[in-house]
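Data first, discussion second: the structure below is written as structure tokens.
One-based numbering, in listed order, for ligands and for the atoms of each. Reckoned from all heavy atoms, side chains included, excluding hydrogens, waters and symmetry mates.
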Amino acid sequence: MNEQRPDIATPKRTQEIVRRHGITMKKSLGQNFLIDRNVLAKIVGAAKLNTERGALEIGPGIGALTEQLARTAKKVTAIEIDQRLLPVLEETLEDYPNVKVVHGDVLKLDLARLMEEEFGGCEEVSVVANLPYYVTTPIIMKLLEEKLPLANIVVMIQKEVAERMAASPGTKDYGSLSVAVQYYCEPELVTIVPHTVFIPQPQVDSAVIRLALRKEPPVTVTDERFYFEVVQAAFAQRRKTLGNNLLARFFGKEGREEMTQLLAKLDIDPGRRGETLSLEEFAKLANALVERRNG
Ligand code: SAM
């Protein structure tokens, strides 16, 4: 390994690489490259990698994070959508034989298969990425819903989205995203990151969040898909009460009496708002609605 080569994540080297390859960053692909090694160290540290673990990176860009992952993990596989960056990555990562770059759209790839093919020799695998902000939520939901065998997901995302993922019931940030993410994992905000550590600088501040995958969901639901339908319905119109949202989605105008009785049995006040319900209460509610549906 050539120890002389300076890290990619400095303003000088990043600008030099980008200029030499004639790359203009595409806003439409969320291309904001990290130029701060301290932030990278925090991301890599939060993933708790070691030489037995694999790292799946989404969007390596010009390789700033990939390089740090390669130094820490057993193997790194990085998925990049932008073909123009492939020759750049080939050059910037040439010293790291444990890195493989896959050209593709993470939302379209068969990730279960890719993980099987890429990480057979690794004890555990983490997703570690500075995500493109225009598709943060679809990417994270894909990783979670496909139930990939991951130890954790450590990602840089918009600060607001990170706060929503980690929010507790009764707070303004709590919503269907919080319930969905917390069903699959335990989120933890690692650090807030100012917009000045990127080239070009995004409009918003960012945060690093760690999602530790749960072995089992924290609540028992009889129909997972329906559980999330109920959660969506409860937050459909945030200013409406839970009762009115449920009425609109599941009972119809004539069903108020039936709904009131069902909620009374569950000890849930129909006048509450969706954002005050815990994951347990959503589970209780969804299971009762499944029973009614089957019933
Ligand atoms: N990891 C680099 C860094 O930290 O400097 C770049 C991060 S940049 C915020 C996001 C990267 O994701 C870009 O390289 C972009 O081309 C890539 N990207 C955007 N959409 C993608 C997708 N759907 N699948 C894979 N990569 C994507």
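Within the listing of ligand 1, atoms 19 (C), 20 (N), 21 (C), 23 (N) sit less than 4.0 angstrom from a heavy atom of Tyr134. The ligand atoms of ligand 1 that sit less than 4.0 angstrom from a heavy atom of Ile79 are 25 (C), 26 (N). Against a heavy-atom cut-off of under 4.0 Å, Leu34 is close to the following atoms of ligand 1: 3 (C), 4 (O), 5 (O).
Among protein heavy atoms, the minimum distance from atom 3 (C) of ligand 1 is reached at Asn130 ND2, 3.5 Å. From the protein, the heavy atom lying nearest to atom 17 (C) of ligand 1 is Glu80 OE2, 3.4 Å. For atom 10 (C) of ligand 1, the closest heavy atom belonging to the protein is Gly30 O, 3.5 Å.
Classified by interplanar angle (parallel below 30°, tilted 30° to 60°, perpendicular above 60°), the ring pair Phe282/Tyr227 is perpendicular.
For Tyr134, the ring pair (Phe, Tyr, Trp, His ring centres under 6.0 Å) criterion is met by no residue, not counting sequence neighbours. Lys142 is linked by a salt bridge (charged side-chain N to carboxylate O under 4.0 Å, His left out) to Glu146, counting only residues two or more places apart in sequence or in another chain.
There is no side-chain donor-acceptor pair under 3.5 Å between Thr66 and Tyr96. With 3.5 Å as the limit, one finds no donor-acceptor pair spanning the side chains of Glu57 and Thr77.
The backbone of Pro60, and not its side chain, has at least one atom closer than 4.0 Å to an atom of ligand 1 (non-hydrogen atoms only; backbone = N, CA, C, O).
A side-chain contact (heavy atoms from CB on, under 4.5 Å) with Val179 is found for exactly one of Leu277, Leu279, Val219, namely Leu279.
For the pair Val106 and ligand 1, the shortest N or O to N or O distance falls below 3.5 Å.
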